[in-house]
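Position 1 is the first residue of the sequence; numbering continues from there. All of these numbers come straight from a predicted model, not from anything done at the bench. Remember, it's 1-based here, ligands and their atoms both numbered in the order they're listed.
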Amino acid sequence: IMRVAILISGRGSNMAALLRAAAVPGYPAAIALVLSNRADAAGLAVAQAAGVPTAVVESRPFKADRDGFERAMEAEFARHGIELVALAGFMRVLTEGFVARWHDRMVNIHPSLLPSFKGLDTHARALAAGVKLHGCTVHLVRPGVDEGPILAQAAVPVLPGDDEAALAARVLEQEHALYPAALAWLAAGQVRLQGDVAVVTAPGATGALAN
Ligand code: GAR
């Protein structure tokens, strides 16, 4: 069973979904730490209520020293025996050095069907582009922001009359199902890399979540 740190910056609803999944017997990962770069992240209280160890490493004082910030996070990881890192609404860009140290051991969830709509404000940009399918992606983290081998995706329709909030809510529901599945595949050793492509070998897994 793999010891996972979940990194958050805010609400933590994906973190909560991972905590729920990891509480089910047989899940191949244990959430050993929830770490926030903001002391006011609402998700911290959710983790504490679930009895999960939490840590705060404020990024603000490290503004000019991102390596120092990441080394401070890794000191917490070491304290908690962390083997895998799951970014869940973590809003800091990580350095190449940190990404290299956690190569193939760090995943992210992004609220779009990558490689479309990297970066911020994905739902507003999807609406502005007029796409008819939108969704979310779990991927291994590489130095480029929102780049890296895709483990899993889920798609939702964009419906007439959608606003940003309605579309975000539809995607978020899928995020909460997709992330626990994808993290389980990685933790169970069911992800193989063929160059830049991740192949999931879990029985029945396709990497696509059917709605
Ligand atoms: C989620 O929609 C997640 O995909 C997104 O932020 C939200 C966090 O919500 N992540 C990013 O935009 C990463 N750049 P949560 O805190 O309730 O999980």
Note down each nitrogen or oxygen pair, ligand 1 side and protein side, whose separation is under 3.5 Å; give only atom names and the distance to 0.1 Å.
{"unit_1": "ligand 1", "atom_1": "2 (O)", "unit_2": "Glu175", "atom_2": "OE1", "d": "3.2"}
{"unit_1": "ligand 1", "atom_1": "2 (O)", "unit_2": "Glu175", "atom_2": "OE2", "d": "2.9"}
{"unit_1": "ligand 1", "atom_1": "4 (O)", "unit_2": "Glu175", "atom_2": "OE1", "d": "2.7"}
{"unit_1": "ligand 1", "atom_1": "9 (O)", "unit_2": "Arg11", "atom_2": "NH2", "d": "3.1"}
{"unit_1": "ligand 1", "atom_1": "16 (O)", "unit_2": "Gly12", "atom_2": "N", "d": "2.7"}
{"unit_1": "ligand 1", "atom_1": "17 (O)", "unit_2": "Arg11", "atom_2": "NE", "d": "2.6"}
{"unit_1": "ligand 1", "atom_1": "17 (O)", "unit_2": "Arg11", "atom_2": "NH2", "d": "3.2"}
{"unit_1": "ligand 1", "atom_1": "17 (O)", "unit_2": "Ser13", "atom_2": "N", "d": "2.7"}
{"unit_1": "ligand 1", "atom_1": "17 (O)", "unit_2": "Ser13", "atom_2": "OG", "d": "2.5"}
{"unit_1": "ligand 1", "atom_1": "18 (O)", "unit_2": "Ser13", "atom_2": "N", "d": "3.4"}
{"unit_1": "ligand 1", "atom_1": "18 (O)", "unit_2": "Asn14", "atom_2": "N", "d": "2.9"}
{"unit_1": "ligand 1", "atom_1": "18 (O)", "unit_2": "Asn14", "atom_2": "ND2", "d": "3.0"}

Original post:
Relative to the ring of His134, is the ring of His123 parallel (under 30°), tilted (30 to 60°) or perpendicular (over 60°)?
Top reply: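 His123 vs His134 ring planes: perpendicular.
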
Original post:
Taking the side chain as C-beta and beyond, is there a heavy-atom pair between Val57 and Leu35 under 4.5 Å?
Top reply: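 Yes. Closest side-chain heavy atoms under 4.5 Å.
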
Original post:
Would Leu178 and Leu183 show up in the same hydrophobic cluster when neighbours are defined by side-chain heavy atoms closer than 4.5 Å?
Top reply: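 Yes, one cluster joins them.
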
Original post:
Are Val191 and Met2 co-members of a hydrophobic cluster defined by side-chain heavy atoms under 4.5 Å apart?
Top reply: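 Met2 clusters together with Val191.
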
Could you pull out all donor-acceptor pairs under 3.5 Å where a side-chain atom in residues 12-20 meets a protein atom, sequence neighbours excluded?
{"unit_1": "Ser13", "atom_1": "OG", "unit_2": "His176", "atom_2": "NE2", "d": "2.8"}
{"unit_1": "Asn14", "atom_1": "ND2", "unit_2": "Glu175", "atom_2": "OE1", "d": "2.9"}

Original post:
Centres of the His139 and His110 rings: under 6.0 Å?
Top reply: no

